[in-house]
Amino acid sequence: MITLTIDGKTCQAKEGEYLLNVARANGIYIPAICYLTRCSPTLACRLCLVEADEKQVYACNAKVKEGMRVKTVTESIAKERRAIMEVYDVNHPLQCGVCDQSGDCELQNNTLYMKVDSQSYAVQDVHRPTAHWGVMTYDPGLCIVCEKCVTVCKDMIGSNALSTVKRGAEALDKSYKESMPKDAYAMWNKLNKSLIGFEEDKCIDCGECISVCPVGALVSTDFQYRSNSWELTKIPASNPHASDCSLMYYEVKHTSIEDKNPTIYRVTNEHHYASLNGATRFGYDFANTTASKDEAQFEEAIAAFKKAQSIKFNSYITNEEALILEKLREKLGVKLINEDAKRYQNFMSAYAKASGSSLYSATLEDIHNANFVVSVGSFLKSDAPSVKYAFNNAITLNKGAGLYFHPIADPHIEGFGKKGKTIETIAHRPMNEEAILFLLLDLFGKDLPQDVADYLTSLKEKRVKTITETIKETVVEIVKDEETGEEKEVKKMVPKKVETQVEYEYTKLLDSIGSDETLLDTINAMLDKKDSFALIVGEDVIFHPKSENMARLCGMIEKYTPFNVMVVPTQTNTLGVSLICQLDDEAEGFTIGYNEKANYELSALGDGNLDMPALNQQEGTFTSLDKRVVPTNVALPYGGYVLNDLANVLLEEDVEYTIEYTQSLPTAQGFKAIEFDELSNEYKNDRTQNRGYELNAASLECETSFSFLEKIEMITSSVIYKANPINQFNAFTAKAKQLDDKNGLYLSESLAETLSLASGDKVSISANNVEVIADVTVDNQIEGEVAYVSYFEKNSETEQLFTNSRYNSATIKKV
Amino acid sequence: MSLQDLKERNVGTQEYMLVQEDDYPKTGWEEFKQVMKRSIKGELFGGLKITLKIMKEALFNNNMHTVQYPTEKLPISPRYRAVHKLLALLESGENRCIGCGLCEKICISKCIRMDTRIDENSRKEVLEYSINLGRCIFCGYCAEVCPELAIVHGGRYENASEQRAHFGLKEDFLTPLDELKNQQEYDGFGAISPNADERMKKTPLAY
């Protein structure tokens with residue numbers, strides 16, 4: 001920690017932090033338009049000028065130093081700032097009548113803050129037509145080219161879809177160069193020549209750029225002109241679609257003058273603290289609005305529960321609901337079936353035996369802060385977007401490096417840094433994740449258990465390779481001086497290519513991965529100056545036939561290597577359900593399905609026998625990726641029965657609200673006996689998470705016995721992979737009007753060419769003795785020969801194409 | 001009267017005439033005399049004459065001074081703040097409102113609501129506009145804040161109804177097409193000041 005004074009106030013800061021960040025965390029205001037926490041400084045607006053130790057610096061890219069004395073305003077700085085603000089207001093309307101920012105405008109705020117009431121500069125405006133970019137609309141007439149959108153897309157999201165481009169513009173009057181303050185002129189010169197450009201192929205429609213735009217230049221096409229922001233009520237909640245459960249706000253208002261029922265108009269986030277993915281931002285209209293209380297239906301449901309032998313559900317439920325189901329299991333003796341959570345549970349129990357801790361160690365923040373990140377078996381772009389953002393953030397901001405192991409190549413991830421220098425994506429053969437985990441143990445493990453160490457040594461062999469090196473050789477030449485006739489000896493350095501035989505250690509694991517020794521060299525080169533490591537383990541490994549063994553390997557990586565491991569929960573509350581419920585493998589007898597197909601269905605989608613509230617109509621808690629219990633609130637009213645009503649009858653209890661169960665979540669599993677209303681849901685000014693509470697991990701005794709790598713033979717013809725398109729997570733996002741990806745087969749451009757398929761075609765996919773007709777979509781954001789099949793719709797037939805793994809070999813025929 | 005006189009505030013020392021000070025009746029007799037004098041003098045008829053004159057005008061010359069409300073109404077000042085009107089553009093008959101929502105925001109009794117959307121030409125369109133006249137306190141803020149002079153106060157002041165809360169919708173406030181020729185520019189509350197041109201600081205434009 002470092003101590004410095006800003007405007008006379010003593011502040012504490014971490015080494016290497018930026019001045020602006022420190023000031024903000026300490027409640028000192030330095031104006032800045034282009035600055036984004038968690039991203040690299042853009043230096044576009046230059047408003048954050050301050051005086052540090054008698055020198056003018058930009059607070060956004062000046063690092064703190066011990067004993068630094070900072071003044072945020074001096075006379076010359078005030079002059080400079082005012083000139084910059086005047087420049088921003090050149091040809092930018094400030095009457096703002098119908099701008100969608102409706103007063104939430106940083107430009108307007110800063111103009112008022114700088115007390116700009118007259119304009120000394122002018123330049124002729126040029127016509128800049130609006131453009132529609134996917135889910136967003138860009139109005140260059142309002143754009144101040146602060147490049148926040150460009151920065152967030154590059155440093156946070158990792159898509160690089162936005163960039164600054166040239167615009168034709170009138171040149172500035174020459175006299176300004178002398179008469180204006182220096183920074184203001186430089187900024188204006190750049191501003192007047194640039195606009196934001198868009199590459200559609202790279203965009204993932206996450207909408208984070210909309211969130212960071214300080215003016216109304218980038219807006220959601222759907223939200224545009226529907227409401228002013230001051231009319232909307234912000235309801236804090238947690239992401240219901242993915243396990244990051246990040247903080248988000250439902251913005252709610254009455255539907256119209258005639259219809260007073262509230263509607264969600266948009267979803268927003270606090271971009272300085274957490275980013276959202278596209279499904280969360282645009283897939284909010286999944287509420288079950290048709291429900292009403294029908295007593296006959298309720299009686300029927302009670303009867304169904306009384307004769308049920310199993311309850312089938314997924315992990316898109318709250319912790320409280322999971323607890324109710326668990327209580328029903330105890331009381332009624334039914335079996336609880338949840339394949340997703342069961343797999344996760346099995347994985348984590350095997351993991352715990354090897355690592356000695358009941359929970360994995362890494363949080364999202366650890367990945368953001370790491371400088372060496374490895375991802376194994378996770379189709380990051382659609383399985384866990386926020387983890388992908390953190391991965392990208394770690395590589396771009398911490399001078400980090402990363403390895404991404406996945407059979408489906410993702411060009412986005414290849415673009416995270418420099419290929420081969422900071423990022424290496426390895427499209428290994430499917431089902432060989434075990435070899436990768438062994439390789440990590442081999443490369444990073446210390447004091448491994450004897451049998452593992454022996455096994456790893458047994459795979460090694462000495463090999464010799466020829467490498468061509470360029471070395472410099474000293475050559476002595478005799479040169480004759482022409483005038484004097486004297487001979488001189490001159491030494492010269494001459495480059496020469498030399499082939500040398502080098503002996504190196506090869507491990508057969510590389511064969512299994514489908515890579516060669518260059519991978520080892522690359523990793524070695526990447527490891528230079530790296531000190532914080534993170535491993536992301538994804539769904540492929542959890543849903544692998546040998547997942548138990550892999551779980552142990554992950555546990556050992558946690559224990560014997562410097563890696564912090566994160567096992568990404570597959571659905572929103574997979575972690576919570578796996579901790580709360582005792583689950584069974586197979587359903588038997590009469591089955592009740594909660595959002596799942598069964599004999600009797602409770603459904604929040606409005607298509608079951610009894611209606612249930614959707615996650616945006618419920619209060620409760622989720623257990624997030626960060627191993628935190630975070631609260632979510634009601635955004636829309638719900639008129640029907642909830643699970644608690646059923647439980648009250650069946651358990652003969654009298655619990656008024658579902659959230660009364662929050663405090664009785666099982667403490668043995670790490671939950672705390674805290675009431676729902678005591679849980680906060682916010683970020684503090686210094687970016688610490690003040691959301692809910694963290695689960696306590698239990699320490700366990702370790703076991704170390706292993707079954708070793710055996711080849712799993714598969715992969716003959718075309719390989720299909722079970723995954724969803726980027727912004728479709730589940731049956732709920734499928735309901736959302738702004739997300740319109742089709743259920744079906746997604747393949748890369750090259751594969752589409754080999755199979756001579758195009759978007760809109762229909763194919764029959766046969767695998768697993770099932771034949772399914774599916775729509776084809778060419779996904780230009782993947783590469784390689786593996787196609788993925790989506791399953792986000794309820795009762796998707798496509799799910800039957802897979803057995804107990806996310807991969808299968810299939811025959812794909814055009815219909 | 002000079003400035004000096006105006007500044008002299010010591011009442012009574014100037015040329016003021018004090019009534020009822022000099023010849024107040026002092027005895028009972030004097031009082032009786034004063035009463036008798038006033039009664040007989042016929043001063044009373046001086047006042048009655050005006051009444052009779054007006055009665056004559058009303059009866060024979062049909063020159064009434066009473067207003068036959070509600071068939072007849074007095075003209076009201078343009079600054080009077082009665083029921084709102086939405087003005088239309090004279091050129092096209094379109095609503096002038098751009099849907100900025102400032103009136104909705106500033107309204108202290110929260111009686112204004114509007115629905116907007118993006119129309120085919122990517123412009124903001126106002127779908128519906130309502131004012132709850134039962135709640136409106138006619139403060140005039142909405143008219144003052146409107147950047148387009150689209151919402152103004154009109155002269156319609158009768159709000160009598162069986163219901164306290166009666167909504168006025170867009171069609172009630174908006175000038176109908178056939179009335180467009182009669183639409184008057186609004187000079188009342190919220191109108192720009194007569195010397196606005198002099199007060200305006202123009203934005204420099206290079207063309």
Side-chain angles (χ1 to χ4, degrees), chain A residues 86 89-104 116-127 129-132 137-139 141 169-173 175-176 192 216 219-232 253-260 263 265, chain B residues 86 89 94-108 110-133 135 142 145-151 165-174 192 199-207:
Chain A
E86 279 188 32
D89 293 336
V90 172
N91 296 334
H92 191 118
L94 269 183
Q95 290 77 20
C96 311
V98 287
C99 172
D100 238 293
Q101 205 67 8
S102 54
D104 273 353
V116 175
D117 54 0
S118 64
Q119 177 63 275
S120 350
Y121 315 117
V123 68
Q124 182 168 343
D125 208 352
V126 286
H127 179 55
T130 45
H132 291 286
T137 298
Y138 176 58
D139 185 349
E170 215 46 29
L172 302 183
D173 196 328
S175 65
Y176 285 140
N192 203 43
V219 293
S220 154
T221 309
D222 178 69
F223 177 72
Q224 194 182 21
Y225 292 165
R226 280 182 69 211
S227 175
N228 284 310
S229 69
W230 63 72
E231 298 165 51
L232 298 165
K253 192 180 96 165
H254 57 90
T255 314
S256 69
I257 285 173
E258 276 98 49
D259 184 0
K260 289 198 187 62
T263 310
Y265 278 70
Chain B
L86 286 178
L89 283 169
E94 289 292 326
N95 193 356
R96 269 192 200 177
C97 174
I98 54 168
C100 70
L102 286 179
C103 50
E104 193 175 1
K105 183 168 193 186
I106 206 163
C107 181
I108 52 176
K110 290 199 168 32
C111 65
I112 301 183
R113 261 186 187 184
M114 66 167 77
D115 287 350
T116 50
R117 65 152 194 175
I118 180 166
D119 75 359
E120 305 76 48
N121 309 316
S122 298
R123 292 178 70 88
K124 195 172 190 176
E125 187 191 21
V126 182
L127 287 176
E128 200 51 85
Y129 190 95
S130 85
I131 301 175
N132 183 342
L133 294 177
R135 283 179 74 160
C142 52
V145 81
C146 181
E148 299 290 310
L149 273 186
I151 184 164
H166 262 168
F167 283 78
L169 294 176
K170 200 169 123 195
E171 56 265 30
D172 306 320
F173 299 126
L174 183 63
I192 49 170
R199 282 174 49 194
M200 193 112 103
K201 213 168 196 178
K202 281 178 187 151
T203 309
L205 293 170
Y207 43 93

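Predicted model only: the values in this text are computed from it and were never measured. Below, chain A is the first sequence line, B the second, and so on; all start at residue 1.
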Side chain to side chain contact (heavy atoms under 4.5 Å, CB included) between A:Ser102 and B:Lys105, worked out: CA-CA 11 Å; A:Ser102 54; B:Lys105 183 168 193 186; over 6 Å; no

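Here the CG-CD distance, from A:Asn228 to B:Glu104, works out to 6.5 Å after rounding to the nearest 0.5 Å. Taking OG1 of A:Thr255 as the reference point, atom CG of B:Asp115 lies at 9.0 Å (rounded to 0.5 Å). We find the OH-CG distance between A:Tyr225 and B:Leu127 to be 14.0 Å, quoted to the nearest 0.5 Å. A distance of 5.5 Å separates CD in B:Glu128 from CD in A:Glu258, rounded to the nearest 0.5 Å.
With chain A as partner, the option from B:Glu125, B:Arg117, B:Met114 having the largest number of non-hydrogen pairs under 4.5 angstrom is B:Arg117. Contact count against chain B (heavy-atom pairs under 4.5 Å) is highest for A:Ser256 among A:Cys99, A:Gly103, A:Ser256. With chain B as partner, the option from A:Gln224, A:His254, A:Glu231 having the largest number of non-hydrogen pairs under 4.5 angstrom is A:His254.
When heavy atoms are compared at a cutoff of 4.5 Å, A:Phe223 does not approach chain B at all. The contact between A:Ser118 and chain B is made entirely by side chain atoms (from C-beta outward), counting heavy-atom distances below 4.5 Å. A:Glu170 does not touch chain B: none of its heavy atoms, backbone or side chain, sits under 4.5 Å away.
Across all non-hydrogen atoms, the minimal contact from A:Val98 to B:Ile98 is CG1-O, 2.7 Å. For B:Arg113 against A:Ile257, the heavy-atom pair with the smallest separation is O-CD1, 3.5 Å.
Every side-chain hydrogen bond (donor to acceptor under 3.5 Å, both in side chains) that A:Glu86 has, sequence neighbours left out, goes to A:Arg82, A:Ser120. In this structure A:Asp222 satisfies the salt bridge (Lys or Arg N to Asp or Glu O under 4.0 Å) test together with A:Arg226, A:Lys737, sequence neighbours excluded.
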